[in-house]
Number of protein chains: 2
Amino acid sequence: MKIRQNLIPVYYRLAEDIRLAIESGKLKDGDMLPTEGQLGENYGISRMTVRQGLSLLAEAGLIATVKGKGTFVTRLRLNKLVIDLHQNADGNPFRYRLVGVKLGREDHEAVRQLGLTAGAKVILLKRLLYQNEQAVAVEEKWLPYLRGKPLLETQLEYADFPEVVAKHQDSVPVRNDAILSVGSLSVEQAALLGEEPGSPALLIRQVIYSRDDQPLGISYMVCHKERFQLKATSYSAISR
Amino acid sequence: MKIRQNLIPVYYRLAEDIRLAIESGKLKDGDMLPTEGQLGENYGISRMTVRQGLSLLAEAGLIATVKGKGTFVTRLRLNKLVIDLHQNADGNPFRYRLVGVKLGREDHEAVRQLGLTAGAKVILLKRLLYQNEQAVAVEEKWLPYLRGKPLLETQLEYADFPEVVAKHQDSVPVRNDAILSVGSLSVEQAALLGEEPGSPALLIRQVIYSRDDQPLGISYMVCHKERFQLKATSYSAISR
DNA sequence: GAGTGGTCTAGACCACCTT
DNA sequence: AGGTGGTCTAGACCACTCG
């Protein structure tokens, strides 16, 4: 005879119990949890179900399992932060406006980094990022030109950089490496943002790679230093 | 009679097979995978084992399961990037050097944000971040003063901000919110970094919270614009 | 009602660690 | 040798979706 609480899975409640014990300080960094068998007995559930609960905590970085030894509380890694390039620090998403498309053999650092054979054509896209009718950043993207893979206007107005690359390429994008730094506005960028040329700006340089580490696209974002702030957080909830 | 390949778990090979199918383009965004039952038959394994493999892919963001409908390929979310404040863009970790400790009732934006009662004491720590014998950033940290929770010199020289907070506080730090922006060097900061006062710099403002959203510490990092670049990546491998 | 993923069981054997 | 987590089974019932 079994009584089943359908609303909340048992493994989830186990995970919540342990999470609260950790966050309240009852379980401290390095402490060993009861063994999976013991937890199963305590909750009257099978070991596989215990493991399902513990896997949630491990995913969130709250515990670490060591084969042959046990399961231990780990201090949260709060140095690892997640940024979402979709949105500004206030949580609002961006609008895009295309301000230029060029097709040809540009001479630019990005073109060389795309690793193209000499004379290959590249596409250069310039977009303005808007928020509340105000320009907040300029984005310049380089993509290798592929015949039979037209760029659709709608994509260019709405899709973000990884999405544009995904739609335009045959290869599947699997990685995006970015570097954040500080630079200054070019004359053209300053005009688009309504700022003084040379004034400081946040730079975000993205390179999107395929599985075999071929660069599929490069993006330079130049962000207005007051209107664009990047938010990053360590937040990692346990789900389900 | 069973033949067991001990080196690589079956669920892992299942996950790798599907991952390669996705990354090579054989399975496209939105495609439905075979059902869990079918995959189990194909590989001659039980459904729970299939699910274990699929959970790896779901964790990495390659697939999404929908109850009652099926399992579907999802385009990787390459907008979400992870930054590691432990290290510079070149992958080398930092060294810290304490350049000042103050205990008292400071008047600063950070103190108000700590939500302390009027007149409560705060600790102000100033550290220099070094790399290859070169100062790359200045860090200023505010913590509420707690009696009986001394700050150890060794921690201050080696631990990063979340670790210092964890050691000094009774409450458990559970979240770190950061904002990245562009600012300029104060006279003191410029002197420490050997730069001109007022020259642009990357600002990283971190606030560490407890479970009940109490701020436990605030950190301002001011980074030399050539010597300090932040690396961010979307990379998410499947493990085990 | 048929098909799907979600939860859960009560076992089994294995690999690893400690004593 | 005994304890731990890691892998895996062959079922079961549930909740959800769709025709």
Side-chain angles (χ1 to χ4, degrees), chain A residues 1-19 22 27 30-74 237-240, chain B residues 1-19 22 27 30-74 237-240:
Chain A
M1 179 65 162
K2 248 163 284 176
I3 299 169
R4 193 75 75 78
Q5 292 276 4
N6 279 326
L7 300 176
I8 304 170
V10 191
Y11 71 85
Y12 182 81
R13 288 194 299 182
L14 167 77
E16 281 293 282
D17 287 351
I18 296 174
R19 198 199 89 206
I22 293 173
L27 284 170
D31 286 357
M32 181 176 161
L33 296 185
T35 68
E36 296 176 348
Q38 283 167 5
L39 286 171
E41 279 187 23
N42 296 351
Y43 283 80
I45 60 182
S46 85
R47 204 185 132 212
M48 282 303 281
T49 306
V50 171
R51 284 177 61 75
Q52 198 172 350
L54 294 182
S55 77
L56 288 183
L57 298 167
E59 213 176 307
L62 289 164
I63 63 172
T65 57
V66 183
K67 198 202 279 203
K69 296 182 76 174
T71 304
F72 303 88
V73 178
T74 56
I238 69 181
S239 52
R240 209 151 313 179
Chain B
M1 179 66 163
K2 250 164 281 174
I3 300 169
R4 195 73 75 79
Q5 290 277 4
N6 279 325
L7 301 176
I8 305 170
V10 192
Y11 71 85
Y12 182 81
R13 289 194 298 181
L14 168 76
E16 280 293 280
D17 287 352
I18 296 175
R19 199 199 89 206
I22 292 174
L27 284 170
D31 285 357
M32 180 176 163
L33 296 185
T35 69
E36 294 176 349
Q38 283 167 5
L39 286 171
E41 278 186 23
N42 296 351
Y43 282 80
I45 60 182
S46 84
R47 203 184 135 215
M48 283 302 280
T49 306
V50 171
R51 284 178 61 76
Q52 198 172 349
L54 294 182
S55 77
L56 288 183
L57 298 167
E59 213 176 305
L62 289 165
I63 63 172
T65 57
V66 184
K67 196 202 279 204
K69 297 183 75 174
T71 304
F72 303 88
V73 178
T74 55
I238 70 183
S239 50
R240 210 152 313 180

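Throughout, protein chains are lettered first and strands after them, A, B, ... in sequence-line order, and every chain is numbered starting at 1.
Contact check of residues 34-46 of chain A against DNA chain D (heavy atom, cut-off under 4.0 Å) returns A/Thr35, A/Glu36.
A/Gln52 has a side-chain polar atom (N or O) that falls below the 4.0 Å cut-off from OP1 or OP2 of C/dT7. Residue B/Thr65 has a polar side-chain atom (N or O) positioned under 4.0 Å from OP1 or OP2 of C/dG6. The phosphate of D/dT4 has neither OP1 nor OP2 within less than 4.0 Å of any side-chain N or O from A/Thr71.
Put simply, CE on A/Met32 is 12 Å from C1' on C/dT18, counting in whole angstrom units. Here D/dC8 presents its C1' atom at 13 Å from CZ of B/Arg13, a figure rounded to the nearest Å. Distance CZ (B/Arg51) to P (D/dG11): 18 Å, rounded to an integer number of Å. C/dT18 atom C1' lies 12 Å from atom CZ of A/Phe72, rounded to whole Å. Across the protein-nucleic acid pair, B/Arg47 atom CZ and C/dC8 atom P stand 13 Å apart, rounded to whole Å. Rounded to an integer number of Å, the gap from A/Ile63 CD1 to D/dT4 P is 16 Å.
Between B/Leu56 and B/Leu14 the shortest side-chain heavy-atom distance does not fall below 4.5 Å. Using a 4.5 Å cut-off on side-chain heavy atoms (C-beta onward), A/Thr35 and A/Met32 make contact.
The side chain of A/Pro9 lies closest to C/dT7, out of D/dC8, C/dT7, C/dG5.
Within the structure, side chain to side chain donor-acceptor pair (under 3.5 Å) contacts touching residues 53-65 of chain A (residues at least two apart or in different chains) do not occur.
Salt bridge annotation for A/Glu16-A/Arg19: present, with a cationic side-chain nitrogen under 4.0 angstrom from a carboxylate oxygen.
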Anything under 3.5 Å between a protein N or O and an N or O of nucleotides 17-19 of chain D, put it in a table, one pair a line.
residue : atom : partner : partner atom : Å
D/dC18  : OP1  : B/Lys69 : NZ           : 3.2

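Once rounded to the nearest 0.5 Å, the distance linking OG of B/Ser239 with OH of B/Tyr12 reads 8.0 Å. Atom CG of B/Leu57 sits about 10.0 Å away from atom OG1 of B/Thr71, to the nearest 0.5 Å. Between the CG atom of B/Leu39 and the CZ atom of B/Arg51 there is a distance of 12.0 Å, given to the nearest 0.5 Å.
Heavy-atom nearest nucleotides on DNA chain D were determined for B/Tyr11 and for B/Met48, and the one closer to the 5' end corresponds to B/Tyr11.
Side chain of B/Thr49 to backbone of B/Gly40: no donor-acceptor contact under 3.5 angstrom is found.
When all heavy atoms are compared, the tightest approach of B/Leu62 to B/Ile22 is O-CD1, 4.0 Å.
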